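Because the structure is predicted, anything quoted here is derived from the model rather than measured.
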Amino acid sequence: MEYPAGSYDVIVVGAGHAGCEAGLAAARLGCRTLVLTVNMDNIALMPCNPSVGGPAKGQLVREIDALGGELGINIDRSAIQMRMLNTAKGPAVHALRAQADKRLYQDNMRSVLEGQENLDLRQVMVDRVLVRNGKTAGVVVSTGAVFDAPAVILTTGTYLKGRVIIGELAYSGGPSGNFPSLKLSDSLQELGIKLVRFKTGTPARVDKRSVDFSKMTIQPGDEKLYNFSFVSGIKEREQVPCWLTYTNEETHRIIRENLDRSPLYSGFIKGTGPRYCPSIEDKVVRFSERPGHQVFIEPEGRHTNEMYVQGLSTSLPEDVQMAMIKTVPGLENVKIIRTGYAIEYDSIDPTQLKLSLENKEIPGLFSAGQINGTSGYEEAAAQGLMAGINAVMYLRGRDPVVLSRSEAYIGVLIDDLVTKGTNEPYRLLTSRAEYRLLLRQDNADMRLTETGHSIGLIGDQRISYFMEKKKMIYDEIDRLNRTHVPATSEIKSLLKEKGSDYQQGVSMALLLRRPELSYQDLLELPLESPDLPQEVREEVEIEVKYEGYIKKQRSQVERFEKLENRKIPPDVNFEDMKGVSNEARQKLARVRPESVGQAARISGVSPADISVLMIYLEQMARSKGEGS
Amino acid sequence: MLNDTIAAISTPPGEGGVGIIRISGERALDIAEKVFRPARSKDWRREGFKLHYGHAVDTVTGEVIDEVLLAVMKAPHTYTREDVVEINCHGGAVPLRAVLKTVLTAGARLAAPGEFTRRAFLSGRIDLTQAESVIDVIRSKTEASLKVAMSQLGGGLSAKIRSLQDRVLGMLAQLEASIDFPEDDVDEKSRQELRETAGEIIGGLDRLLEAAARGRIYREGIMTVIAGRPNVGKSSLLNALLGRERAIVTDVPGTTRDVIEETINIRGIPLVLADTAGLRETGDLVEKIGVEKTRQTIEEAGLILFVIDAAQGVTGEDCEIIKTVDREKTILIINKIDVEESPELPLEEEWSIPRVEISALKGEGIEILEEKIEHMVTGGRTGSPDSIIVSNIRHESALVKARGSMEEFMSLADEGVPPDLLSIDVRGAWETLGEITGSTVTEDLLDRIFNDFCIGK
């Protein structure tokens with residue numbers, strides 16, 4: 001029997017990485033928030049790899065942090081290793097990546113949630129979203145409890161009709177042995193929401209005591225201490241290494257001989273999997289000429305013997321998994337703790353969403369994370385944060401917060417999803433961003449802290465600290481531009497030692513632009529220089545060294561924004577538009593872009609269609625003007 | 001797309017001597033300034049709604065392309081309500097195109113079909129009731145230009161462009177895969193290998209651009225000058241080629257005063273012929289204008305038919321003239337062989353060029369001349385030009401732009417610039433070629449990365 005169980009401003013369904021950020025953002029902005037999970041012990045669970053960050057994802061984490069989200073601080077507190085990747089590939093793509101202690105990560109996040117004012121947690125299974133008078137009204141859970149709320153955020157991950165597959169074995173289930181959510185996706189379909197079926201997978205976990213590390217290459221963390229968050233202030237961290245080994249012909253032979261038992265190849269798996277995260281059987285089939293594939297053995301935490309076997313994601317039958325894994329050097333006597341599996345799940349076609357992550361048809365219903373067709377903890381958290389913020393904006397009748405493709409990877413992520421949709425679990429990549437040079441991990445705070453402050457998630461103390469940093473950066477860039485470096489014989493010979501031929505005096509900024517010189521080199525010259533914090537120096541160095549490129553990209557952004565700022569009123573009837581191609585008309589009507597720029601990114605919409613659209617908009621605006 | 005500066009030829013294509021290039025947008029005047037050398041008023045920028053006489057010059061070489069009249073119209077009193085500059089060219093289709101190309105090089109974007117009209121509407125210049133007709137214009141022009149572009153982009157050419165684009169994409173996938181998947185087994189190509197590939201792509205683009213130049217010759221013709229001392233029979237030759245009387249044929253030196261432009265078709269190649277007023281140094285002022293004009297015409301010509309008189313032999317003046325012409329594009333014509341046998345030619349190197357003996361009056365040797373012309377213009381590559389011709393200016397400027405991006409990549413790769421910056425130019429080249437083939441970058445790039453590399457740490 002259904003009964004009223006309470007009423008809230010915002011209900012978040014799911015407490016994974018999206019749900020945690022969504023719930024925290026809503027509660028911190030002053031909304032009475034309820035976060036529902038099927039298992040209180042699995043808050044902020046990392047059911048797949050034990051790491052956070054990497055290219056594009058690392059940038060996301062810092063953006064989340066700059067906006068006042070929790071992921072950055074939490075991973076800093078829970079990391080057991082950090083590395084800066086891509087350091088030789090240019091400033092735009094430096095990428096911080098952390099190995100997490102999974103248990104610690106969960107515990108830390110759970111205590112943040114439990115300590116959060118305005119936020120309640122409940123362990124329930126949500127069966128239904130309530131819609132009254134066309135608007136979101138709450139949720140109904142399996143016990144019959146009805147929770148009322150005008151805004152609901154769905155962050156159900158891979159739980160919707162989850163189906164776990166190991167070889168010939170398949171059963172209904174969520175990840176890591178959890179219950180699936182069987183009824184909720186039917187309820188969504190009844191509300192007219194279109195669902196798609198995706199698949200993802202994970203490798204086996206093995207017992208550290210059974211691994212022979214002497215046959216592997218050690219992969220230690222960086223000596224330099226890094227943090228994701230601009231404010232976490234962690235100053236030391238004991239690091240745990242990862243290990244690298246390879247598959248070989250014997251591994252591949254076993255896989256090939258058992259392909260007929262692989263659910264991927266037998267057609268048993270129907271969902272679409274991610275191409276960037278293929279199973280080992282997929283790699284062996286598609287790249288048959290390769291003699292070996294990398295396998296990383298990564299710790300799942302400081303206080304557990306479980307280790308993650310990165311690179312051997314598989315849905316082969318358990319006996320084949322065991323035979324195959326034992327052919328890998330160092331894993332000859334390995335004991336498997338958890339078997340690798342594939343999981344299929346329902347997700348919603350994200351083109352049904354607005355850029356605020358609200359459903360276009362059902363006001364007050366938001367969604368974030370894997371349910372929107374993405375994969376990855378960071379992608380989920382980023383959406384969760386934005387959905388949480390925008391649920392609050394919705395309740396307060398304010399304009400949603402939408403980040404542009406030119407200001408954040410978060411903007412790229414959400415715009416891609418909403419505008420283009422996705423036909424595989426979506427992962428953010430730096431190559432998806434047009435303005436990569438502007439969207440760096442080092443300047444995420446410069447890009448977004450003030451936005452976070454105006455939203456209300458960044459406090460006064462942090463903003464004043466930020467403003468101070470910003471001023472230091474601007475002042476130092478200004479100083480470098482104004483300070484002349486005389487071509488004295490002393491300076492000449494100092495620069496010669498650094499491989500730089502110096503004849504005529506130039507400004508410090510021009511000197512810094514030479515590829516062979518660094519900011520540190522400038523500090524070593526006999527000139528007066530301020531003593532600045534490391535992060536300020538780093539920012540100054542990149543901004544000055546790459547100024548030419550950065551300026552070029554900024555001017556591209558200016559052109560881009562002209563189209564982005566041409567808003568399309570929500571009442572435009574695309575079906576009525578004459579002069580656009582049929583394909584463009586259908587797609588415009590389906591996606592209902594919010595700006596001319598967004599419309600131009602829809603595949604099948606040509607520049608001529610955009611011309612017509614602009615004329616149509618002008619025509620509308622003028623007739624309205626005449627009418628009033 | 002909204003406020004950048006656009007340019008296009010705004011007069012219908014055809015044989016007309018005068019054509020107008022219209023430039024509209026914030027930077028119209030700045031762009032015009034790069035291209036236009038005024039004869040008198042240095043203050044032309046401020047003098048709107050007036051015609052300014054001067055020359056259009058190539059922004060790269062500084063060479064004069066054409067004699068032009070320039071009209072400046074300041075916003076908002078223009079068709080588009082933006083600053084508009086119109087360049088009236090006099091030299092016919094070939095220089096008109098050359099001026100447009102220079103304007104594009106100077107920073108304008110080639111206008112999309114119907115874009116001037118669209119801007120006029122969006123700026124409120126055109127009445128609301130006309131909106132639908134504006135849409136019709138865009139639609140029909142787009143369709144028409146697509147049709148033309150498609151027909152011009154024959155199967156062979158499109159395959160060639162696609163294959164180059166594919167190689168660019170391969171480079172991009174290489175760079176991007178190593179950035180986005182730093183810990184995967186991406187077999188990284190060395191910078192040297194990437195540069196080699198870039199060099200091959202540039203070579204491929206060059207071949208297409210050469211084909212473009214040939215294609216243009218077939219479509220728009222080649223500017224041809226008949227040069228020679230007065231009264232060696234230049235007008236007779238013109239008549240012989242034309243097959244009818246056009247210029248006045250007279251024995252008095254220097255009577256063919258005007259530069260007459262005429263197009264004749266030689267084996268499918270339109271020769272845009274300018275008759276000349278003779279190259280003789282002259283004190284006659286009226287005559288002099290003709291002579292100077294002729295000098296200039298010779299410099300700009302793509303083909304020079306240099307005529308000497310067999311009856312008079314090789315004179316000192318002939319020797320002077322041959323020093324001024326570009327021998328790569330000159331055919332020596334020994335006329336009046338019906339009167340006198342072909343004279344001994346001087347041994348100097350400048351005389352060793354293709355030659356034909358003719359009698360313009362009797363029509364002898366004209367066929368051999370036509371053969372030589374065809375051979376010289378096409379570089380011996382005759383036959384079916386359609387399969388490899390890039391004849392659309394949009395396509396051609398995209399090829400030039402893509403080539404520029406690849407060149408930029410080459411020089412940056414030398415300087416040790418990191419991959420995240422290098423990929424900007426490679427992506428630029430890919431996107432530019434995509435404007436021809438109509439492919440979208442991100443999805444194709446990801447397809448390529450996942451296809452070429454075993455990703456999945």
Give the minimum heavy-atom separation between B/Leu412 and A/Tyr549, together with the two atoms involved. CD2-OH, 3.4 Å

Side chain / backbone / both / neither for B/Ser178 at chain A, heavy atoms under 4.5 Å: both

Looking only at B/Leu421, B/Val417, B/Ile449, B/Leu175, the option with the highest number of non-hydrogen pairs under 4.5 Å against chain A is B/Leu421

Run A/Arg83 and B/Glu183 through side chain to side chain contact (heavy atoms under 4.5 Å, CB included) and show every step you take. CA-CA 12 Å; A/Arg83 282 178 70 195; B/Glu183 292 190 307; 2.8 Å; yes

Closest contact, heavy atoms only, B/Pro418 versus A/Pro91: CG-CD, 4.3 Å

How long is the straight-line distance from CG of B/Asp180 back to CG of A/Leu429, given to the nearest 0.5 Å? 4.5 Å

Interatomic spacing from CD in A/Gln619 to CG in B/Leu122 - rounded to 0.5 Å: 11.0 Å

Would A/Arg275 and B/Asp447 count as a side chain to side chain contact (heavy atoms under 4.5 Å, CB included) here? Give the steps. CA-CA 9 Å; A/Arg275 287 174 299 173; B/Asp447 287 346; 2.6 Å; yes

So CZ of A/Arg436 and CD1 of B/Ile424: to nearest 0.5 Å the spacing works out to 7.5 Å

Rounding to 0.5 Å, atoms CG (A/Leu85) and CZ (B/Phe181) come to a distance of 13.0 Å

Run the numbers on A/Val612 and B/Arg118 for side chain to side chain contact (heavy atoms under 4.5 Å, CB included), then give the verdict. CA-CA 8 Å; A/Val612 173; B/Arg118 190 193 83 200; over 6 Å; no

Contact origin within A/Arg427 toward chain B - heavy atom pairs under 4.5 Å: side chain

Residue A/Ala600 versus chain B: region with a heavy atom under 4.5 Å: neither

Quick check: are there more than 12 heavy atoms from other residues, nucleotides or ligands sitting under 6.0 Å from NZ of B/Lys401? no

Answer yes or no: is there a donor N or O on one side and an acceptor on the other, between the side chain of A/Lys283 and the main chain of B/Cys454, under 3.5 Å? no

Taking A/Ser431's backbone N and O only, do any of them form a donor-acceptor pair with B/Arg427's side chain (distance below 3.5 Å, no angle check)? yes

Give me each pair satisfying ring pair (Phe, Tyr, Trp, His ring centres under 6.0 Å) with a member in residues 422-443 of chain A, each pair once, sequence neighbours excluded. A/Tyr435-A/Phe560

Cut-off 4.5 Å, heavy atoms of chain A, and the answer for B/Leu422 is neither

Where on A/Pro274 is there a heavy atom nearer than 4.5 Å to chain B: the side chain, the backbone, both, or neither? neither

Backbone N/O of A/Ala92 and side chain of B/Asp420: donor-acceptor pair under 3.5 Å: yes

